[in-house]
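Taking it in order: structure first as structure tokens, then the write-up.
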There are 2 protein chains.
Amino acid sequence: MTSFLGTELAQRGVAPDCVQTIELVRDVLARVGDKWTLLTITVLASGPLRFTALHEQVAGISQRMLSQTLRALTRDGLVTRTAYPEVPPRVEYALTPLGRSLSAAVDGLVHWVRSHQSDIVRNRDEFDRAPGANTATLPRL
Amino acid sequence: MTSFLGTELAQRGVAPDCVQTIELVRDVLARVGDKWTLLTITVLASGPLRFTALHEQVAGISQRMLSQTLRALTRDGLVTRTAYPEVPPRVEYALTPLGRSLSAAVDGLVHWVRSHQSDIVRNRDEFDRAPGANTATLPRL
DNA sequence: CCGCATCCGCCTAGATACTG
DNA sequence: CAGTATCTAGGCGGATGCGG
């Protein structure tokens with residue numbers, strides 16, 4: 001048990017393995033949901049790519065963030081990093097089977113969003129048009 | 001089209017509605033994946049709760065973050081906020097039908113994590129035990 | 001030349017303290 | 001009880017350096 005959340009849940013009598021699952025779920029969702037991971041996985045879903053190609057395809061990403069994202073994904077075993085000792089150097093990134101299965105799972109959410117995007121957009125419009133409309137104090141994403 | 005990403009994708013000839021979907025998907029995933037949203041939705045899935053009850057059940061969350069998270073979810077039409085003009089004030093939060101359907105979609109990812117958590121943990125251990133092990137430069141989550 | 005790691009600076013997320 | 005104002009640590013982008 002590592003986190004405050006974990007101890008809290010444990011004190012409330014939640015089963016340990018369930019607690020572990022909840023932590024890991026949040027952890028993995030945080031990874032998937034962060035600013036660049038989803039796009040990177042999506043781009044890699046169409047095939048292996050080298051660093052520079054990814055840097056172009058993921059559009060607004062900085063080299064630093066691409067590097068970090070790829071290392072995190074590699075650490076989780078979702079992506080493989082293959083360096084070819086050539087001149088000039090070439091490094092290829094590809095989804096592992098695990099990465100592809102995650103990509104498939106994410107597709108579920110993607111489809112949910114596709115199905116309900118109009119609802120969400122409408123709800124946001126409606127909310128923002130309301131009297132108070134505290135959009136200023138909303139999280140930035 | 002609002003974002004840099006959007007214009008980039010558009011310049012690369014990606015269909016506009018597809019671009020919009022990609023943006024919104026990332027947007028919603030960022031919301032679901034952020035530090036507190038998933039837990040909040042999960043807790044609310046078992047029934048309506050008032051602010052303080054949520055503050056206790058979500059464990060480590062601060063009032064400010066709970067406030068922001070709930071407002072964002074309300075804006076997206078995933079949660080309803082009902083204020084009863086009493087003394088002392090009482091505010092109840094509940095999942096909307098849309099929120100419940102999202103909750104169901106998220107369950108897909110949760111199940112993926114459950115199925116593969118051992119793989120991920122093992123991969124991380126293995127990675128961290130490797131020679132270089134640049135865990136220092138990983139994103140914090 | 002390509003793939004990074006490092007340093008620097010802004011700016012936002014998040015914890016702490018306060019108000020209607 | 002249900003939030004908002006204040007402060008700080010750290011995420012993130014840009015520039016630079018360097019090994020291969």
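Chain letters run A, B, ... following the sequence lines, proteins first and then strands; every chain starts at 1.
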On DNA chain D, compare the nucleotides closest to Pro89(A) and Gln63(A); which residue's is nearer the 5' end? Gln63(A)
Of the candidate nucleotides [options], which contains the atom at the shortest distance from the side chain of [X]?
X        : options                   : result
Ser62(A) : dT16(C), dT16(D), dG13(D) : dG13(D)
Arg64(B) : dG19(D), dA15(C), dC1(D)  : dA15(C)
Met65(B) : dA15(C), dC1(D), dG3(D)   : dA15(C)

Within this structure, what is the [atom1]-to-[atom2] distance between [X] and [N], rounded to whole angstrom?
X        : N       : atom1 : atom2 : value
Gln68(B) : dA2(D)  : CD    : P     : 18 Å
Arg71(B) : dA2(D)  : CZ    : P     : 15 Å
Asp34(B) : dC12(D) : CG    : P     : 12 Å
Tyr84(B) : dG3(D)  : OH    : C1'   : 18 Å
Lys35(A) : dT12(C) : NZ    : P     : 10 Å
Leu54(B) : dC1(D)  : CG    : P     : 14 Å
Phe51(B) : dT19(C) : CZ    : C1'   : 14 Å
Leu66(A) : dC2(C)  : CG    : C1'   : 13 Å

Please determine if a side-chain N or O atom of [X] lies less than 4.0 Å away from the OP1 or OP2 oxygen of [N].
X        : N       : result
Tyr93(B) : dG3(D)  : yes
Arg81(B) : dG3(D)  : yes
Arg90(B) : dG3(D)  : no
Ser67(A) : dA5(C)  : yes
Trp36(A) : dG13(D) : yes

Ion pair present between Arg122(B) and Asp125(B), side-chain N to carboxylate O less than 4.0 angstrom? no
Salt-bridge criterion met for Asp27(A) and Arg124(B) (N-O under 4.0 Å): yes
Should the pair His55(B) and Phe51(B) be assigned to parallel (<30°), tilted (30 to 60°) or perpendicular (>60°) ring geometry? perpendicular
Looking at side-chain heavy atoms only, is the closest gap between Asn123(A) and Leu78(B) below 4.5 Å? no
Grab the two heavy atoms, one from Ile41(B) and one from Ser103(B), that are nearest each other, plus how far apart they are. CG2-CB, 4.0 Å
Would you mind classifying the nucleic acid contact of Thr52(B) as base, sugar-phosphate or nothing, using non-hydrogen atoms under 4.0 angstrom? sugar-phosphate
